[in-house]
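Counting starts at 1 for both ligands and their atoms, in listed order. Only this structure's heavy atoms are used, side chains among them; waters, hydrogens and symmetry mates stay out.
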Amino acid sequence: MSANLKQSIRDSKSARWFVLATVSFLMFTGYFFTDIMSPLQGALRDNFGWSNAEYGMFAGSYSFLNVFCLMLIFGGIILDKLGIRFTGTSFIGVMIAGAFFNYYAMTDTFNNGGLGYDFLNSFLTQYKPSLKLAILGYTLFGVGVEIAGITVSRILVKWFKGKELALAMGLEMATARGGMLLAFSGSRLMAGEEQIVSRPLAFGVLFLVIGFLAFFIHNMMDKKMDAEVADDTAAAAEEDEFKVSDIFLLFKNPGFIFIALLCVLFYSAVFPFSKFAPDLMVQKYMFNDNFAGSMVGLLPLGTIVLTPLFGAFLDNKGKGASVMVLGAILLIIVHSIFAFGPDQKAFAFIAMIVLGFAFSFVPAAMWPSIPKIVPESRLGSAYAMIFMIQNVGLMLFPMILGAVLDSSNQGNTGNLDYSNSMMLMVGCGVLALFFAFMLKAVDKKNGYGLDLPNIQK
Ligand SMILES: N[C@@H](Cc1c[nH]cn1)C(=O)NCC(=O)O
């Protein structure tokens with residue numbers, strides 16, 4: 001048999017990049033919806049009567065099911081057992097259903113007594129029905145988008161392993177962050193002068209449906225590839241499988257423990273912060289409401305260019321562990337500026353840009369470090385566990401930030417004072433720095449090679 005006959009669709013460069021485009025677009029739509037409500041905190045306060053603590057509860061609800069029902073673990077198991085196409089299609093469905101509930105919760109139809117309003121008004125009456133339905137929607141969305149993200153990583157490994165994997169992952173993350181950028185800079189504009197919150201959400205649902213269609217195109221190509229290389233994929237899938245027994249072994253690995261703690265603290269100081277950041281820009285720095293979201297959009301904007309560049313640097317030159325230490329130091333500086341610095345706009349610009357740097361190079365260093373710490377046979381379990389631990393922070397910190405914001409502004413009729421909430425973020429940075437140093441110490445002791453280049457010459 002000639003070598004040509006053995007080739008699969010995976011060996012076609014255009015097919016690989018086309019698959020990358022379809023799943024990257026899907027993640028673009030997912031990240032867009034994740035942050036669609038973030039620039040609307042003020043409108044939610046004014047038009048829906050949500051307190052900051054309630055807004056924080058909504059933002060944290062993204063992770064409720066992921067944490068309490070161990071959905072990321074189950075998602076990993078379903079992915080192993082039932083495959084990419086089934087898992088992707090099902091959880092994108094969950095993501096769209098959740099997004100639709102979230103949208104419906106903010107419509108006049110629902111809030112004027114539409115379907116489900118009376119039922120949601122009949123219990124826990126201290127919370128508005130709009131909040132309860134939005135939480136239900138966002139928590140389903142959170143399950144769907146996180147598992148879709150894990151599925152997409154697996155898809156990229158399947159198509160790019162042994163080829164341009166790091167570049168493909170960097171480009172997928174950059175595209176997804178483009179969705180975040182569009183949400184921060186476009187959401188208020190989509191809501192219009194009247195600040196109609198349901199409008200950007202409707203766009204979000206529509207985008208997700210288009211993302212779903214893109215995934216169907218991927219499914220057709222995946223089916224073709226499976227027919228060609230059935231034996232290879234079965235072997236690869238077994239290698240990556242999630243095993244419950246692996247969890248115990250992971251928690252005996254100090255490198256894994258420190259990188260997981262660093263991950264939860266770092267991302268807690270970025271994603272939950274970004275949920276409140278547009279309002280911080282208005283309240284502390286007096287930015288115009290429409291521009292405030294674009295200020296926070298600086299965060300993903302920088303990462304779109306810088307994450308793949310830092311990825312290439314780390315691949316060739318190394319210094320991953322040192323970069324994570326530097327990232328934690330930058331977190332402390334940035335959040336100290338927000339907590340204690342003067343309220344001049346220039347400080348907000350500088351802090352956002354510096355945070356954008358940290359948000360570019362820490363993920364570029366962190367995610368490829370995990371295979372250096374955990375044996376390949378336990379990688380599937382390691383990624384599922386680390387995302388699950390990360391979700392604990394994504395759940396708790398928005399709730400804490402909102403509650404602290406409300407409690408430190410009781411009786412305040414002027415602009416909200418964010419100092420105490422931002423001090424919490426400084427605390428995350430300090431703990432992240434501590435664990436980054438611990439990671440460096442165990443790296444030295446156990447020889448993981450975190451500071452060595454990813455590409456072995
Ligand atoms: N698990 C996601 C979390 C998330 C939050 N908002 C969008 N995604 C994650 O860790 N992504 C990695 C990243 O650096 O974006």
Side-chain angles (χ1 to χ4, degrees), residues 23-24 26-38 58-67 71-73 75-76 91 95 98-99 138-139 141-154 156 166 169-184 204 208 211 259-260 262-277 296-297 299-304 306-308 310-311 323-324 327 331 355-370 382-398 432:
V23 295
S24 299
L26 171 72
M27 292 319 290
F28 174 93
T29 65
Y31 271 50
F32 174 69
F33 198 91
T34 302
D35 277 309
I36 192 90
M37 296 268 275
S38 307
F58 162 77
S61 69
Y62 174 95
S63 301
F64 283 173
L65 286 177
N66 290 334
V67 172
M71 283 314 292
L72 301 186
I73 308 277
F91 284 97
M95 169 163 89
Y138 201 47
T139 198
F141 169 80
V143 172
V145 73
E146 286 281 317
I147 297 178
I150 295 171
T151 309
V152 165
S153 306
R154 194 69 68 87
L156 295 184
M169 286 189 161
L171 289 173
E172 180 268 318
M173 195 178 276
T175 313
R177 297 263 170 82
M180 198 176 164
L181 169 66
L182 184 64
F184 278 111
L208 287 172
I259 204 161
L262 178 58
C263 171
V264 65
L265 289 161
F266 177 81
Y267 276 104
S268 294
V270 176
F271 285 131
F273 161 74
S274 72
K275 304 276 180 208
F276 288 85
V296 185
L299 203 59
L301 180 65
T303 67
I304 292 170
L306 295 175
T307 303
F310 282 126
V323 155
M324 287 188 258
L331 279 187
L355 188 56
F357 269 94
F359 190 34
S360 305
F361 57 63
V362 172
M366 185 181 285
W367 300 117
S369 292
I370 296 168
Y383 278 110
M385 269 324 287
I386 213 160
F387 278 128
M388 151 104 191
I389 295 167
Q390 182 205 45
N391 266 261
V392 175
L394 301 186
M395 176 182 79
L396 290 180
F397 275 95

Distance, nearest 0.5 Å, that separates CE of Met27 from OG of Ser153: 7.5 Å
Value rounded to 0.5 Å, distance of CZ in Phe273 from CG in Leu299: 7.5 Å
Met180 heavy atom under 4.0 Å from ligand 1: no
Top protein contact for atom 9 (C) of ligand 1, by heavy-atom distance: Gln390 NE2, 3.6 Å
Ligand-residue contact atoms, ligand 1 with Glu146, heavy atoms, under 4.0 Å: 1 (N), 2 (C), 3 (C), 4 (C)
Nearest candidate to atom 12 (C) of ligand 1, where distance is taken over non-hydrogen atoms, out of Phe359, Phe271, Tyr31: Tyr31
Interfacing atoms of ligand 1 (cut-off 4.0 Å, heavy-atom, Phe387): 1 (N), 10 (O)
Phe387 and Tyr267: CA distance, side-chain angles, deciding distance, ring pair (Phe, Tyr, Trp, His ring centres under 6.0 Å) verdict: CA-CA 11 Å; Phe387 278 128; Tyr267 276 104; 8.4 Å; no
Residue pair Ile259 / Met324: nearest heavy atoms and the distance that separates them: CD1-CE, 4.3 Å
Atom indices of ligand 1 within 4.0 angstrom of Thr34 heavy atoms, with elements: 6 (N)
Polar proximity ligand 1 side, Arg177 side, N/O cut 3.5 Å exclusive: yes
Centroid separation Tyr138 to Phe33 less than 6.0 Å: no
Exercise: do Asn66 and Ser63 side chains pair donor with acceptor under 3.5 Å: no
Distance filter under 4.0 Å to Tyr267 heavy atoms, resulting ligand 1 atoms: 12 (C), 13 (C), 14 (O)
